[in-house]
Each structure stands twice: as structure tokens, then as C-alpha cells.
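The structure appears below as C-alpha cells.
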Protein chains: 2
Amino acid sequence: MAYTVGQVAGLAGVTVRTLHHYDEIGLLSPSGRSSTGYRRYDDADLERLQHIRYYRELGFPLEEIAAILDDPASDPTAHLRRQHELLTVRIKRLQEMVTAIEFAMEASKLNIQLTPEERFEVFGDFDPEAHAEEAERRWGGSEAYRESNRRVSRYTKEDWLRIKAENEDWGRRIVALMSSGAPADSPAAMELAEEHRQLISRSFYECSYEIHTGLADMYLADERFTAHYEAIAPGLTAYLSEAIHANAISRA
Amino acid sequence: MAYTVGQVAGLAGVTVRTLHHYDEIGLLSPSGRSSTGYRRYDDADLERLQHIRYYRELGFPLEEIAAILDDPASDPTAHLRRQHELLTVRIKRLQEMVTAIEFAMEASKLNIQLTPEERFEVFGDFDPEAHAEEAERRWGGSEAYRESNRRVSRYTKEDWLRIKAENEDWGRRIVALMSSGAPADSPAAMELAEEHRQLISRSFYECSYEIHTGLADMYLADERFTAHYEAIAPGLTAYLSEAIHANAISRA
DNA sequence: GCTCCGGCCTGCCGTTACGTGAGGGTCAAG
DNA sequence: CTTGACCCTCACGTAACGGCAGGCCGGAGC
């Protein structure tokens with residue numbers, strides 16, 4: 001079977017100009033020409049183009065692709081295996097970027113400034129183990145965190161406004177309670193802690209009592225989260241943390 | 001906090017030249033300069049750069065990124081949501097490419113020529129429904145097919161050679177049986193059909209009796225698979241298909 | 001046989017997103 | 001006060017095509 005440039009271009013989803021270019025630089029020269037000078041591509045040319053397209057999608061420069069494809073030491077299935085591996089690595093990378101975006105959304109939700117490192121962690125030559133460990137430390141089981149955060153990405157602006165309003169309402173009430181002098185382990189405080197937990201469960205992720213106490217500890221340990229609650233009212237961080245712990249114990 | 005070009009470049013994983021370029025075209029101009037003309041970037045600049053990097057990774061041209069970022073109608077979380085969505089679409093696309101590669105490996109294993117459409121299906125403006133339907137028709141449940149084929153990608157050249165040898169041995173025995181005149185629903189033929197199923201299960205994917213009969217039908221329906229078995233021995237396709245059906249029924 | 005219209009050819013210049021010096025100030029550590 | 005690492009501004013180079021000009025096919029219809 002023989003094909004013209006236009007046909008090949010249509011099949012492969014590239015422009016005719018691109019095929020001309022590949023011919024010019026010798027990356028993909030059609031196996032023959034018609035008597036009138038038309039390029040004629042055969043099935044072997046198509047297979048080569050297929051590999052070219054995959055390697056290109058993976059970001060390889062044309063020169064390097066030529067070197068890879070012309071390497072006599074690698075049979076066709078070797079290319080397939082290689083492309084398969086490169087693709088899965090790429091997918092993993094993109095999934096890390098998704099997680100990073102979700103983290104940024106979480107931070108943005110609480111008006112928390114990301115550190116420069118956090119902003120670009122996913123782009124640098126990061127240590128994957130340290131990364132996983134960090135997520136583990138911060139979220140106490142990254143699996144639940146990731147799964148749950150799928151929801152966040154689907155929220156509209158209206159959802160966000162509603163969530164914000166709910167949070168602010170809750171904030172006003174716990175500040176009022178704290179200033180009234182009620183202790184952090186009082187039933188009223190525990191009730192507000194429980195409400196806090198349910199707010200998270202409804203809007204973000206299933207927040208177990210275990211995760212909730214983990215969050216309480218994190219609020220105390222991470223100054224950026226501390227700052228968030230202290231900005232609402234001084235002393236609120238400790239008050240809330242204590243209430244969360246008391247609530248968790250009483251429900252156990 | 002203020003940063004120099006070099007620091008920003010290090011953090012964000014780009015070159016100093018890139019930052020110079022972004023400054024030149026007005027995409028990211030540092031918020032200030034030192035008395036001696038040094039660029040000074042602040043946290044807001046870093047946040048902008050963060051978005052630039054994500055959009056770039058997604059293939060947006062710089063000019064378009066500038067337009068998006070300077071659009072007053074979109075708040076910062078809108079960018080995050082948008083990037084999240086674009087990333088997941090991208091991941092889906094790459095996963096389709098992985099499936100396509102696995103299909104190509106499967107075909108290569110049997111020395112089957114792909115049609116031009118199959119080679120570039122994943123690049124063209126393909127209809128996703130038709131694609132899924134095709135996979136469904138061909139593999140009777142693409143999920144099992146995809147999951148199982150993860151194995152294939154890890155095979156070494158030696159594995160392939162071993163598998164090939166096993167297949168050829170099986171081929172010789174079924175050809176011998178067929179020429180001996182034993183009917184396709186004889187115990188011996190059914191035994192070889194069962195062996196065929198187990199060969200697939202061991203080397204490629206868990207092949208249930210249901211899938212196995214699906215394969216039998218496919219061998220008859222798809223001329224490329226037919227050609228594969230007819231090349232071994234004329235009439236083998238029909239013989240094997242019948243044996244597979246007989247075997248499946250007897251085991252039910 | 002003629003006539004179109006869409007497809008093909010070969011230049012050739014333009015563009016994007018930087019890479020890569022050249023030539024020359026700047027900053028902090030010793 | 002030197003020295004090495006870092007910063008500045010030109011300015012030209014490169015990869016991978018895009019897009020157009022000017023001209024040659026090819027087959028469907030009259």
C-alpha cells in the first residue's frame with residue numbers, strides 16, 4: 001500500500017509541512033517517489049512515523065529520535081516497550097502535579113501562603129521519597145487525602161462562596177464561645193469541634209476522628225496553619241485543638 | 001521576601017535566561033529592581049511563575065498564558081481549577097496512548113500488521129466513544145485487558161523468546177492433531193484448546209472461558225487474526241475456534 | 001480534448017522560546 | 001582589596017515547524 005503526503009498527514013494527524021520537514025532533515029524520507037516527483041509512503045514509513053509521533057509526544061528532539069530509530073541494536077518491540085515505560089513515568093509525573101494543585105487549592109482555601117519550595121516542588125529535581133514522606137506527615141495517609149480531594153476540583157465559584165460562608169459562621173460562633181469563657185472541653189466547645197469535623201467531611205473529605213486530631217496537632221505544629229486561626233482570634237488555635245481532642249475522646 | 005534571578009531560577013527549575021525572556025516579553029516582570037539594576041522577585045511574582053510553569057507544561061504558548069493570567073475575570077483558584085482539569089484530561093490522553101502501545105505490542109507479538117488507522121488512532125481527532133466501543137468489541141471488556149497487559153510491558157527479550165517457543169511448540173502439536181483427523185470436539189483437541197487458554201493466562205492475562213470463546217470468535221471475524229492461524233496451517237482457525245467452544249462448554 | 005479544482009512540488013522567509021556567548025558591572029567572603 | 005560567583009544588557013543562533021508564492025499534476029465533468 002502506498003500513500004501520498006496528504007493521506008499520511010491526515011492519518012497521522014500532522015501537517016504536510018511537517019512531513020516535508022521530516023523529509024528535509026532525513027528523519028522520515030518516503031520510500032519512493034512517483035514519476036512526477038510525488039512522495040510515496042509505504043507501510044514501513046507509517047510504522048516509523050508512528051514511533052516518531054510517540055517519541056515526539058514524549059518531548060524528544062527530532063535529531064535524537066533519528067538516532068534512536070536508526071540504532072540497529074533495537075528491534076521494533078524495544079521501541080514499544082521503551083515508549084510504554086516513558087509514558088507511565090510521564091503519567092506519574094502529571095499525577096504528582098495534580099496532587100500539588102490539590103494541595104495549592106487546600107492552602108488557598110485557608111488563605112495560606114505556600115513556601116517557594118512548595119510552589120515548585122514538582123518541577124525541581126525533587127526526592128520522591130522525601131515528597132511522599134512529607135505528604136504522609138502532613139496528611140496522615142496520603143491515599144485518603146488524594147481520593148477525597150477529587151471532590152474539590154469540581155467545585156464551582158458558588159460552592160466556594162457557600163463553603164466560605166459556612167466556615168465564617170462557624171468561626172464567629174467558636175470565637176464567641178471562647179470569649180464567653182467556656183472551657184475547651186465543655187460540651188458546647190466539643191459540639192463546635194464536631195461541627196468543624198463535619199464541615200470538613202461534607203465539603204472536602206471524610207474526616208475521621210483520627211484524622212481530625214491529626215489536623216489539630218498540625219494546626220499547632222505548622223505555623224502557617226497556626227497563623228490562620230490566630231488571625232481569627234488570638235488563642236483560637238490552642239482552644240480549637242483542645243476541643244477537637246476532647247471531642248474525639250468523648251466519642252470513642 | 002525578595003529573590004534574585006538565580007534564586008528564582010533554582011527554585012522554579014528554569015534557567016536565568018528564561019526569566020530574562022519572560023521579563024523581555026512582559027510575561028513576568030519582577031516587581032522591582034535593586035539600585036544597581038538587579039531584578040528582585042517577590043512572593044506574588046513566584047505565584048505568577050508557578051501558574052506560568054503549569055500552563056507551560058500543558059503546552060500553552062507564552063502569549064496565551066499572559067492573556068489568561070492578566071484576565072481580571074479569573075481569580076487565583078480559578079487557575080488552579082482550570083489547571084487541574086487540563087491535567088486530568090492530559091493524563092487520560094496519555095493513558096489512551098499507553099493502551100494503544102499495549103495493543104501494538106499484542107499485534108507485534110502475533111506478527112500482525114496494524115492498519116494505518118490503528119497506528120494513529122490516538123493522535124487523530126478520534127471519537128472517544130467509538131474508540132471505547134472498538135476496544136470493547138475486540139477485547140470483551142477493556143478493563144480486564146488493560147489491567148492484565150501491565151504485565152506485558154515488563155517482559156524482557158528473553159521472556160519474549162520463551163513465550164514464542166512455547167507458542168510454537170503448542171502450534172506444532174495442534175497442527176499434528178488436526179492432520180491426524182481428530183475432530184475439533186475430541187478430548188485431545190479440547191485439551192489443546194485448554195492449553196492455549198492457559199498459555200494466554202500465564203503469559204498475558206487471566207483468560208476466562210468467556211474471554212476465550214470471545215477470542216475464538218474474533219479469530220474468525222478479524223481477517224488479520226485469521227491470517228495468523230491460517231499461515232500456521234490452513235483450516236486451523238476454524239478447528240481451534242471449534243475446539244475452544246467445545247472446551248468451554250464441557251467445563252461449564 | 002479541454003477545463004477546472006484540489007493536491008503536490010520546491011523554495012524561502014517568519015515565528016516561538018529560548019540557548020549561548022561577549023563584554024562588562026556587582027557582592028560578599030577571605 | 002582581590003577574587004569568584006552572580007548580575008546586567010546586547011546580540012546572534014537554533015529547533016521545529018507555519019505560511020505563502022509560483023508552478024506542476026490528476027482526475028471528474030463537459
Side-chain angles (χ1 to χ4, degrees), chain A residues 1-42 45-46 48-70 116 120 123, chain B residues 1-42 45-46 48-70 116 120 123:
Chain A
M1 280 290 259
Y3 310 86
T4 68
V5 257
Q7 290 171 329
V8 173
L11 277 168
V14 299
T15 66
V16 170
R17 180 66 182 85
T18 299
L19 293 175
H20 284 174
H21 183 61
Y22 291 172
D23 191 3
E24 273 173 40
I25 64 172
L27 174 59
L28 177 67
S29 298
S31 57
R33 294 271 187 150
S34 78
S35 58
T36 51
Y38 281 28
R39 289 174 178 78
R40 333 209 85 244
Y41 295 84
D42 65 12
D45 295 330
L46 288 190
R48 189 174 170 94
L49 181 54
Q50 175 195 338
H51 289 309
I52 292 172
R53 286 239 57 192
Y54 274 99
Y55 281 126
R56 271 258 69 199
E57 182 79 25
L58 289 161
F60 283 78
L62 299 184
E63 203 175 341
E64 204 167 329
I65 296 176
I68 295 172
L69 291 181
D70 293 338
F120 302 107
F123 293 111
Chain B
M1 282 292 259
Y3 310 86
T4 67
V5 257
Q7 290 171 328
V8 173
L11 277 168
V14 297
T15 65
V16 170
R17 179 67 181 88
T18 299
L19 293 176
H20 284 173
H21 183 61
Y22 290 172
D23 191 3
E24 273 173 40
I25 64 172
L27 174 59
L28 177 66
S29 298
S31 56
R33 293 271 186 149
S34 78
S35 58
T36 52
Y38 281 28
R39 276 169 255 258
R40 331 209 85 245
Y41 294 84
D42 65 13
D45 294 330
L46 288 190
R48 190 175 170 94
L49 181 54
Q50 175 195 339
H51 289 308
I52 292 172
R53 287 239 55 192
Y54 274 98
Y55 280 126
R56 272 258 69 200
E57 181 79 25
L58 289 162
F60 283 79
L62 299 184
E63 202 175 342
E64 204 167 330
I65 295 176
I68 295 172
L69 291 181
D70 294 336
F120 302 107
F123 294 111

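Reminder, nothing fancy here: chain letters follow the sequence lines and each chain counts from 1. Hydrogens, waters and symmetry mates play no part in the numbers below; they use all other heavy atoms, side chains included.
- Using modelled atom types, one side-chain atom of B/Arg48 and one backbone atom of B/Leu27 make a donor-acceptor pair closer than 3.5 Å.
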List every contact pair, protein side and nucleotides 19-21 of chain D side both N or O, where the distance is under 3.5 Å.
unit_1 : atom_1 : unit_2  : atom_2 : d
D/dG19 : O6     : A/Arg17 : NE     : 2.7

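- A salt bridge between A/Asp23 and A/Arg33 is present, with a side-chain N of the basic residue lying under 4.0 Å from a carboxylate O of the acidic one.
- For the pair A/Tyr55 OH and D/dA15 P, the computed distance is 21 Å after rounding to whole Å.
- An OP1 or OP2 oxygen of C/dG19 is reached within less than 4.0 angstrom by a side-chain nitrogen or oxygen of B/Thr15.
- Between the OH atom of B/Tyr3 and the C1' atom of D/dC6 there is a distance of 18 Å, rounded to whole Å.
- A/Arg39 places its CZ atom 15 Å from the P atom of D/dC25, with the value rounded to the nearest Å.
- Interface residues of residues 19-32 of chain B facing DNA chain C, ordered by number: B/His21, B/Tyr22; criterion, heavy-atom separation under 4.0 Å.
- Between B/Ile52 atom CD1 and C/dC18 atom P there is a gap of 10 Å when expressed in whole angstrom units.
- To the nearest 0.5 Å, atom CG of residue A/Leu46 and atom CZ of residue B/Phe120 are 5.0 Å apart.
- Contacts of A/Arg33 with the nucleic acid, taken as non-hydrogen atoms under 4.0 Å apart, involve only primed sugar atoms and P, OP1 or OP2.
- Within 4.0 Å of A/Arg56, counting heavy atoms only, lie sugar-phosphate atoms of the nucleic acid but no base atom.
- A donor-acceptor pair under 3.5 Å is formed between the side chain of B/Arg53 and the backbone N or O of B/Ala12.
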Sugar-phosphate or base contact per nucleotide [nucleotides 24-30 of chain C; S, B, -; heavy atom under 4.0 Å]
-BBS---
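- Taking atom CG on A/Leu62 and atom P on D/dT14, their separation rounds to 16 Å, with Å as the unit.
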